[in-house]
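Below, read A as the first sequence line, B as the second, and so on, with proteins coming before strands; counting in each chain starts at 1.
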Protein chains: 2
Amino acid sequence: MDWHELMGRHREFDVEKALDAAMCVFWRKGYEGASYADLTQAAGVERPALYSAFGNKEALFKKVLVRYYEHHLDYIPVALALPTAREVAAHILYNAIDLNTRYPEHTGCLGINGVLAGSDEAEPVRLALIEARAEGEAMLVERFERAKAEGDLPQAASAQTFAAFLLAILHGMAVQAKAGFSRETLRAVADQALSAWPAPK
Amino acid sequence: MDWHELMGRHREFDVEKALDAAMCVFWRKGYEGASYADLTQAAGVERPALYSAFGNKEALFKKVLVRYYEHHLDYIPVALALPTAREVAAHILYNAIDLNTRYPEHTGCLGINGVLAGSDEAEPVRLALIEARAEGEAMLVERFERAKAEGDLPQAASAQTFAAFLLAILHGMAVQAKAGFSRETLRAVADQALSAWPAPK
DNA sequence: GCGTTTTAATAATGGTCGTTATGAAATGGA
DNA sequence: TCCATTTCATAACGACCATTATTAAAACGC
């Protein structure tokens, strides 16, 4: 490699910095929502320079994805080396939480956002969907408060937590269904979630 | 209402059918991935007819969303009326699974897909992301198989199920982070998930 | 310094997007 | 029958999209 650096004009921009800039844009706006104008502006590089360095938009996103796994999902191999499965799960979960909330300008996960986020003019629709889910969540919270009052859930339990947990499972299953998971697998996920449920009384 | 039906030419297409057709398209392709050409073709209606009946693309999606809640999420109020919180959760979970897998041409949830799915030419990227998650899932399955061999997970447990469950939580938390959930709420969700984890030995 | 090779910058390409004039056809009231 | 009103169909609009010719500039080996 690098044999081509011996001749010709040198590249004037930092490839790694440009890749990080592109990652920020994709992380925030998603794949389709990120226009090439956004990417070149964030990288401070003209269009043909990005093309010659990384290929087209799809190739650039895939390079960004590799970098994301190497630089931000490096806690996963660490977790996999832990002694117990519970520690594995805990390590992954807590590190994912940190990653999802560390950068205010691009929350969540690049992989999910990559196809969940969208361009700016789609924001009203995103907000409408978020609001719709929030209404559902509020109904669940109210219902679980009633359950506490009826002794159906322990007094120490948080209705808000149970609602958020249930919604997380629902969102996760929806993403998995989109990814082609079988009904039986989803059923097993749901049963596993229910096994965490406190017994009545 | 309907005062305007007394005069002028009558509408020649069924508004409800057009709304259902638009719902199918949005469900499969997401909001941004669904072009107005897709919508008019699916509805069998010319462009200005859709505009005059429902407004622009955003207004049409919101009308579709209302219809989705009324026609496909009607199991939620039913669930909320069940006697125990566990039954509420179980009813919602199982009905969501059915909804997510009932229609092969538009799997998952309209709400999630609305901002998760995309247009056809973004499919290579979707597949790349799905493959990346599948690799992570495979690593988790392998790790949990080892845990079973080490007595860290019960022999009766399914490593595949635990991996799918953990991924569902991760996906759900990513969606929630994107929706603005606080770090503390996500932490509570993770702890709730871990409370379902079987104890070692 | 010359020639070769690579990058940089400007600008243009074809295509698709969401949205909308425009005018013809149809309907009911007067 | 004629008018007011609404829908229908064709076609066009400007904007933005991802992608690339094209030309100028820079850096090396010789």
Side-chain angles (χ1 to χ4, degrees), chain A residues 1-19 21-22 25-26 29-64 114 117-126, chain B residues 1-19 21-22 25-26 29-64 114 117-126:
Chain A
M1 344 262 157
D2 292 352
W3 50 270
H4 56 287
E5 287 186 359
L6 297 178
M7 232 193 290
R9 184 172 175 176
H10 296 342
R11 183 168 278 135
E12 294 183 355
F13 67 94
D14 189 334
V15 174
E16 310 252 310
K17 300 253 187 191
L19 223 42
V25 176
F26 279 130
K29 299 195 163 194
Y31 175 70
E32 296 205 285
S35 73
Y36 226 88
D38 295 330
L39 296 165
T40 55
Q41 182 178 353
V45 164
E46 297 302 322
R47 288 169 182 269
L50 269 192
Y51 273 95
S52 75
F54 308 109
N56 65 5
K57 188 180 171 184
E58 181 179 335
L60 172 58
F61 182 80
K62 288 180 178 174
K63 288 191 171 62
V64 162
S119 62
D120 287 337
E121 64 263 19
E123 185 125 32
V125 175
R126 261 195 306 281
Chain B
M1 345 251 159
D2 290 352
W3 52 268
H4 55 286
E5 288 185 0
L6 296 179
M7 233 195 290
R9 184 172 175 175
H10 296 344
R11 182 169 278 136
E12 294 181 355
F13 67 94
D14 188 333
V15 174
E16 309 252 309
K17 300 252 187 192
L19 221 44
V25 175
F26 279 131
K29 298 195 163 194
Y31 175 71
E32 295 204 286
S35 73
Y36 225 89
D38 295 330
L39 296 165
T40 54
Q41 182 177 355
V45 165
E46 297 302 323
R47 292 161 107 91
L50 269 192
Y51 272 94
S52 76
F54 307 108
N56 66 3
K57 188 180 172 186
E58 182 180 332
L60 172 57
F61 183 80
K62 288 180 177 174
K63 287 190 171 63
V64 162
S119 62
D120 288 338
E121 64 263 20
E123 185 124 33
V125 175
R126 260 196 305 281

Write down the distance between [atom1] ([X]) and [atom2] ([N]), rounded to a whole number of angstrom.
X     : N      : atom1 : atom2 : answer
A:R11 : C:dA9  : CZ    : P     : 13 Å
A:F13 : D:dA26 : CZ    : C1'   : 15 Å
A:Y36 : C:dG14 : OH    : P     : 21 Å

Query raised in the report: Of all heavy-atom pairs between B:T40 and B:L50, which one has the smallest distance, and what is that distance?
Result: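 It is CG2-CD1, 3.7 Å.
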
Query - Rounded distance [0.5 Å steps], CZ in B:F54 versus NZ in B:K62 - result: 16.0 Å

Query raised in the report: Can you list the residues that meet the side-chain hydrogen bond (donor to acceptor under 3.5 Å, both in side chains) rule with A:S35, with sequence neighbours excluded?
Result: A:D38

Query - Residues which pass side-chain hydrogen bond (donor to acceptor under 3.5 Å, both in side chains) with A:R47, listed by chain and number, not counting sequence neighbours - result: none

Report task. Would you indicate, yes or no, if C:dA25 has its OP1 or OP2 atom less than 4.0 angstrom from a side-chain nitrogen or oxygen of B:H10? Result ->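 No, because none of the side-chain N or O atoms of B:H10 sits under 4.0 Å from OP1 or OP2 of C:dA25.
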
Report task. Hey, which sits more toward the 5' end of DNA chain D by its nearest nucleotide, A:D38 or A:E12? Result ->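 The residue closer to the strand's 5' end, by nearest nucleotide, is A:D38.
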
**Report entry** Residues forming a side-chain contact (heavy atoms from CB on, under 4.5 Å) with A:Y51, sequence neighbours excluded
**Finding:**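 So A:Y51 forms a side-chain contact (heavy atoms from CB on, under 4.5 Å) with A:Y36, A:N56.
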
Report summary line: Contacts of A:E16 meeting side-chain contact (heavy atoms from CB on, under 4.5 Å) (sequence neighbours excluded), chain-then-number -> A:D14, A:R67

Query raised in the report: Residues from residues 40-57 of chain B sitting under 4.0 Å of DNA chain C, heavy atoms only?
Result: B:R47, B:P48, B:Y51, B:N56, B:K57

Query raised in the report: For the side chain of A:R9 and the base of C:dT7, is some donor closer than 3.5 Å to an acceptor across the two?
Result: yes

